[in-house]
Protein chains: 2
Amino acid sequence: MLNKYSDIENCPIRNVLNHIGNKWSMLVLSILDEEGLLRFNEIHKAIGSISQKMLSTTLKRLESDGLVKRKVHPVIPPRVEYELTKRGKSLIPHIKNLVGWAVENFNDIKDSRLKFERLS
Amino acid sequence: MLNKYSDIENCPIRNVLNHIGNKWSMLVLSILDEEGLLRFNEIHKAIGSISQKMLSTTLKRLESDGLVKRKVHPVIPPRVEYELTKRGKSLIPHIKNLVGWAVENFNDIKDSRLKFERLS
DNA sequence: CAGAATCCTCCAAGATACTG
DNA sequence: CAGTATCTTGGAGGATTCTG
């Protein structure tokens, strides 16, 4: 370990992103927070642009981290429902704060980007 | 726009991740917050494992978003210093909250993962 | 309905070498 | 010292097909 920032396995900053910093995780968590209990296809329709494979992968990762609970009803056709766990719910406020910051600052950031491009 | 979650350009959730959800941005922001004004090579050494190219790319993106200020001193050899802007500083508390959550929950998450793997 | 399996594309990220 | 300029690659993500 070179220093306190370079230890990938145990650096909390790095680990945050490896858990929820991928393309779909925060979006799925936010939807489950807003909509509550949802079936696979309901989440699928809510996002619209996600593929079945990526939704499946994302849900599996969130389930393995204990952020989402998967309930299988043994009926035909299958009925599988997803909802946030207690741990998942505890993450929601932080996501909302981040989203709130992004909403507040997005226009200014877009302006900064335009200025930056004109100077390049 | 299919619904409120699927509009990639204007969805704040998606935009948060596109800005700071890449591999190095949050780490660089955190280091600049803790260490204050730093030269290019000082950041490079602080992280250790990042390549010059990725550090350059990351700093440029943060600068273009107005999160980091770049000061060039016209001397030889070159001296370039980086520090957080006001906007960059306003993001720090949210990052810290997220990191705090990750630190608190990381052991439990690792346990969940092990259990999940044993059942698969 | 809820996915698994397969194949494919593309780009973030890395390695290396060079420079004002 | 503080970067570019190229080249390369692993793997996230996507498209399509199949199934209990």
Side-chain angles (χ1 to χ4, degrees), chain A residues 2 5-6 8 11 13-14 17-28 31-32 37-65 68-83 116 119-120, chain B residues 2 5-6 8 11 13-28 31-32 37-65 68-83 116 119-120:
Chain A
L2 291 172
Y5 300 117
S6 58
I8 295 177
C11 173
I13 303 175
R14 299 292 295 275
L17 293 186
N18 289 338
H19 292 166
I20 61 163
N22 54 67
K23 189 167 182 181
W24 301 107
S25 289
M26 277 181 61
L27 186 57
V28 168
I31 290 174
L32 286 176
L37 192 74
L38 287 180
R39 300 179 65 169
F40 185 88
N41 267 358
E42 290 173 333
I43 307 175
H44 194 205
K45 284 176 198 160
I47 300 182
S49 51
I50 194 173
S51 68
Q52 280 187 327
K53 177 192 157 193
M54 285 315 299
L55 179 55
S56 175
T57 302
T58 301
L59 285 168
K60 210 174 287 176
R61 183 164 41 215
L62 294 174
E63 189 197 356
S64 87
D65 283 7
V68 160
K69 195 183 329 179
R70 182 173 181 268
K71 287 199 223 169
V72 183
H73 301 264
V75 295
I76 294 177
R79 177 180 194 89
V80 180
E81 293 169 322
Y82 295 89
E83 63 179 339
F116 191 79
L119 299 176
S120 302
Chain B
L2 291 172
Y5 300 116
S6 58
I8 295 177
C11 173
I13 303 174
R14 299 293 295 274
N15 274 311
V16 174
L17 292 187
N18 289 338
H19 292 168
I20 60 162
N22 54 66
K23 188 166 182 180
W24 300 109
S25 289
M26 277 181 63
L27 186 57
V28 169
I31 290 175
L32 286 176
L37 192 72
L38 287 181
R39 299 179 66 168
F40 185 89
N41 267 357
E42 290 173 334
I43 306 175
H44 194 205
K45 284 175 199 161
I47 300 183
S49 53
I50 193 173
S51 68
Q52 278 187 326
K53 179 194 156 192
M54 285 315 298
L55 180 55
S56 176
T57 302
T58 300
L59 285 168
K60 210 174 286 175
R61 183 165 41 216
L62 293 175
E63 189 196 356
S64 87
D65 283 7
V68 159
K69 195 183 331 178
R70 181 173 182 268
K71 288 200 223 169
V72 182
H73 301 264
V75 295
I76 295 177
R79 177 181 194 88
V80 181
E81 293 169 323
Y82 295 89
E83 62 179 340
F116 190 80
L119 299 176
S120 301

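Note on naming: letters A, B, ... go to the chains in the order of the sequence lines (proteins, then strands), and numbering restarts at 1 for each one. As the structure is a computational prediction, the values presented were derived from the model and not from experiment.
- Here B:H44 pairs with nothing under the ring-ring contact (aromatic ring centres under 6.0 Å, His included) rule; sequence neighbours left out.
- Fit an axis to the five pairs at each end of the helix from C:dC1-D:dG20 to C:dG20-D:dC1 and the two axes sit 50° apart, to the nearest 10 degrees.
- Regarding contacts with the backbone of D:dA2, every side-chain N or O of B:R79 stays at 4.0 angstrom or more from both OP1 and OP2.
- Within the nucleic acid shown, A:S56 comes within 4.0 Å of sugar-phosphate atoms alone, with no base atom in reach, counting heavy atoms only.
- Contact check for B:P78 versus B:V72: no side-chain heavy atoms found under the 4.5 Å cut-off.
- Rounded to whole angstrom, the span from the CG atom of B:L38 across to the C1' atom of D:dA2 amounts to 15 Å.
- As a whole-Å value, the separation of A:R61 CZ from D:dG13 C1' is 11 Å.
- Proximity of B:Y82 to the phosphate of D:dC1: no side-chain N or O atom is located under 4.0 Å from OP1 or OP2.
- At D:dG3, one or more side-chain N or O atoms of B:R70 fall inside 4.0 Å of OP1 or OP2 (strictly under the cut-off).
- Rounding to the nearest 0.5 angstrom, the gap separating the CG atom in A:L32 from the CG atom in A:L62 is 8.0 Å.
- Between the CD1 atom of A:I50 and the C1' atom of D:dA12 there is a distance of 12 Å, rounded to whole Å.
- Taking the side chain of B:P77 as heavy atoms from C-beta on, and the options D:dC1, D:dG14, D:dA2, the nearest nucleotide is D:dC1.
- For the residue pair A:F40 and A:L55, the shortest heavy atom distance occurs at O-CD2, 3.7 Å.
- If you take CG on A:N22 and CE on A:M54, they are separated by 7.0 Å, rounding to the nearest 0.5 Å.
- Sorted by first and then second residue, the side-chain hydrogen bond (donor to acceptor under 3.5 Å, both in side chains) pairs with a member in residues 53-65 of chain B read A:R113-B:D65; sequence neighbours excluded.
- The CG atom of A:L27 lies 4.5 Å from the CD1 atom of A:I47; values are rounded to the nearest 0.5 Å.
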Please tabulate the protein-to-nucleotide N/O contacts below 3.5 Å involving nucleotides 18-20 of chain D, giving atom names and distances.
none

Distances under 3.5 Å between nitrogen or oxygen atoms of protein and nucleotides 8-10 of chain D:
none

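- When rounded to the nearest whole Å, the span between CD1 of B:I76 and C1' of D:dA2 equals 13 Å.
- Side-chain atoms of B:Y82 and B:V28, non-hydrogen and from C-beta on, never get closer than 4.5 Å to each other.
- Under the salt bridge (Lys or Arg N to Asp or Glu O under 4.0 Å) criterion, B:E81 pairs with B:R79, not counting sequence neighbours.
- What separates NZ of B:K60 from P of D:dA2 is a distance of 15 Å, to the nearest Å.
- The CD1 atom of B:I43 lies 5.5 Å from the CG atom of B:L38; values are rounded to the nearest 0.5 Å.
- Taking a 6.0 Å sphere around CD1 of B:I76, one finds it holds 12 or fewer heavy atoms contributed by other residues, nucleotides or ligands.
- Closest approach of A:L37 and A:E42 over heavy atoms only: O-OE1, 4.3 Å.
- Think of the region where chain B sits on DNA chain C: with heavy atoms and a 4.0 Å cut, that region ends 5' and 3' at C:dA13 to C:dG20.
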